[in-house]
Amino acid sequence: MIRFEHVSKLYDGKIQALEDVSFQVNQGEFVYIVGPSGAGKTTLLKLMDKQENLTTGSLQMGSMLVERIRPSQTYILRRQIGIVLQRDLFIPYLNVAENISYSLAALGVNDPQQQQIKTQKVLTAVGMTAYQKRLPAELSVGQRKKIAIARALINQPPILLADEPTANLDAKSAVEIMRLFFKFNLGGMTVMIATHDSTIVNSLRHRVLELQKGKIVRDEDNGKYSTNS
Ligand code: ADP
Ligand code: ADP
């Protein structure tokens with residue numbers, strides 16, 4: 001369960017990115033976070049895996065209160081969360097499988113056999129096993145996004161967060177990427193997607209949380225991208 005209670009976030013003590021945000025997401029829900037650029041969508045995602053700290057309020061992720069987590073314990077929170085950021089950073093000279101194994105090593109999984117098993121499992125989950133020997137630069141934008149999603153799944157997290165996962169994709173690739181998220185959601189994963197993609201939100205309907213200037217202005221089941229479209 002994810003619960004924001006009166007959460008505000010100020011950057012540098014003055015830029016109000018989020019203001020008095022409260023909502024709850026139950027395990028297994030699928031939620032779109034919409035709103036114009038600068039509304040606070042990315043900040044909302046970053047608070048959840050403690051890439052940024054909230055300023056006031058309370059944020060519960062599963063059994064953990066995020067604002068109480070000490071830096072040395074952050075890894076416990078992050079094991080519960082897969083996150084796909086807007087920029088997918090890969091190590092350019094490592095192939096796809098090696099990139100995923102590398103992130104496993106960073107999480108303390110050093111046994112090559114375990115790395116191999118886990119890497120193959122997530123590549124299978126996103127349908128990319130055939131591309132595992134390619135370098136990141138040899139893939140299309142959509143294929144790289146799938147690898148970023150595979151990497152986010154590596155811990156089999158109960159929660160998957162993604163920031164604008166269909167940005168810069170053609171319509172067909174965008175739908176393929178969304179199908180992956182729906183598949184994981186059907187498997188019981190909580191999925192939250194920050195997006196500008198009104199076509200996706202309007203055609204593949206789910207709960208919509210709308211942010212405007214850091215505030216929640218709408219929380220609607222089976223919502224559309226915008227109330228005036
Ligand atoms: P969105 O993802 O909806 O575009 P963001 O969460 O990125 O919104 O940004 C919300 C507000 O916070 C914006 O005014 C943005 O300029 C500001 N902001 C975001 N990140 C930082 C940062 N690291 N330092 C200062 N201000 C930031
Ligand atoms: P299947 O073999 O049918 O894919 P799994 O038990 O491997 O079943 O996966 C259950 C669900 O979790 C599926 O929706 C699958 O896409 C997704 N999944 C598969 N591998 C992983 C992983 N390593 N981490 C997170 N989710 C995964």
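In each ligand, atom 1 is the first atom listed, and ligand 1 is the first ligand listed. Worth saying up front: this structure is predicted, and the values here are computed from it rather than measured.
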**Student:** Where the closest heavy atom to atom 2 (O) of ligand 1 is concerned, which of I15, D12, L47, T42 has it?
**Tutor:**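 Looking at heavy atoms only, the winner is T42.
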**Student:** List the steps, then state whether side-chain contact (heavy atoms from CB on, under 4.5 Å) holds for R207 with V25.
**Tutor:** CA-CA 10 Å; R207 179 175 171 189; V25 175; 3.9 Å; yes
**Student:** Determine, counting only non-hydrogen atoms of the protein, whether one lies under 4.0 angstrom from atom 15 (C) of ligand 1.
**Tutor:**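 Protein heavy atoms within 4.0 Å of atom 15 (C) of ligand 1 - there are none.
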**Student:** If you measure only the distance, is there a donor-acceptor pair under 3.5 Å linking the side chains of Q60 and E5?
**Tutor:**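 Their side chains do not contain a donor-acceptor pair, so the 3.5 Å distance test is not met.
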**Student:** Compute the centroid of each ring, for F181 and then for F30, and state whether the two points are separated by less than 6.0 Å.
**Tutor:**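 For F181 and F30, the ring centres are not under 6.0 Å apart.
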**Student:** Using non-hydrogen atoms of the residue, decide whether G35 is closer than 4.0 angstrom to ligand 1.
**Tutor:**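 For ligand 1, residue contact (heavy atoms, under 4.0 Å) with G35 is absent.
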**Student:** Specify side chain, backbone, both or neither for T43, according to which of its non-hydrogen atoms lie closer than 4.0 Å to ligand 1.
**Tutor:**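 Contact part for T43 vs ligand 1: both backbone and side chain.
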**Student:** Could you check whether S58 and E67, counting side-chain N and O atoms only, form a donor-acceptor pair closer than 3.5 Å?
**Tutor:**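 Yes, S58 and E67 have a side-chain donor paired with an acceptor closer than 3.5 Å.
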**Student:** Could you check whether any side-chain N or O of Q80 sits under 3.5 Å from a backbone N or O of I159, counting only pairs where one atom can act as donor and the other as acceptor?
**Tutor:**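 It does not hold such a pair.
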**Student:** To which protein heavy atom is atom 25 (C) of ligand 1 closest, and what is the distance rounded to 0.1 Å?
**Tutor:**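 Answer for atom 25 (C) of ligand 1: Y11 CB, 3.3 Å.
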**Student:** To check your reading of the model: name the closest protein heavy atom to atom 4 (O) of ligand 1, its residue, and the distance in Å.
**Tutor:**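 Sorting protein heavy atoms by distance from atom 4 (O) of ligand 1 puts G38 N, 2.6 Å first.
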**Student:** Under 4.0 Å from any heavy atom of K41, which atoms of ligand 1 are there?
**Tutor:**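 Ligand 1 atoms under the 4.0 Å threshold to K41: 1 (P), 2 (O), 3 (O), 4 (O), 6 (O), 8 (O).
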**Student:** What heavy-atom pair brings D12 and I15 nearest, and what distance separates the two atoms?
**Tutor:**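 Looking at all heavy atoms of both residues, the shortest contact is OD2-CD1, 4.0 Å.
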**Student:** Any side-chain to backbone donor/acceptor pair from D20 onto V7? Under 3.5 Å, distance only.
**Tutor:**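 Looks like no, no N/O pair under 3.5 Å.
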**Student:** Which residue, M48, E29, Q24, Q27, forms the side-chain contact (heavy atoms from CB on, under 4.5 Å) with I2?
**Tutor:**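 Looking at M48, E29, Q24, Q27, the match for I2 under the side-chain contact (heavy atoms from CB on, under 4.5 Å) is M48.
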**Student:** Would you mind checking which non-hydrogen protein atom is closest to atom 8 (O) of ligand 1, with the distance to 0.1 Å?
**Tutor:**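 Its nearest protein heavy-atom neighbour is G40 N, 3.0 Å.
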**Student:** So is A17 polar-close to ligand 1, meaning N/O to N/O under 3.5 Å?
**Tutor:**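 No; the residue has no nitrogen or oxygen that sits under 3.5 Å from a nitrogen or oxygen of the ligand.
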**Student:** Counting only heavy atoms, which portion of P36 has something under 4.0 Å from ligand 1: side chain, backbone, both, or neither?
**Tutor:**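 Only the backbone of P36 comes within reach of ligand 1.
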**Student:** Can you find a non-hydrogen atom of G214 under 4.0 Å from ligand 1?
**Tutor:**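 It does not; every heavy atom stays at 4.0 Å or beyond.
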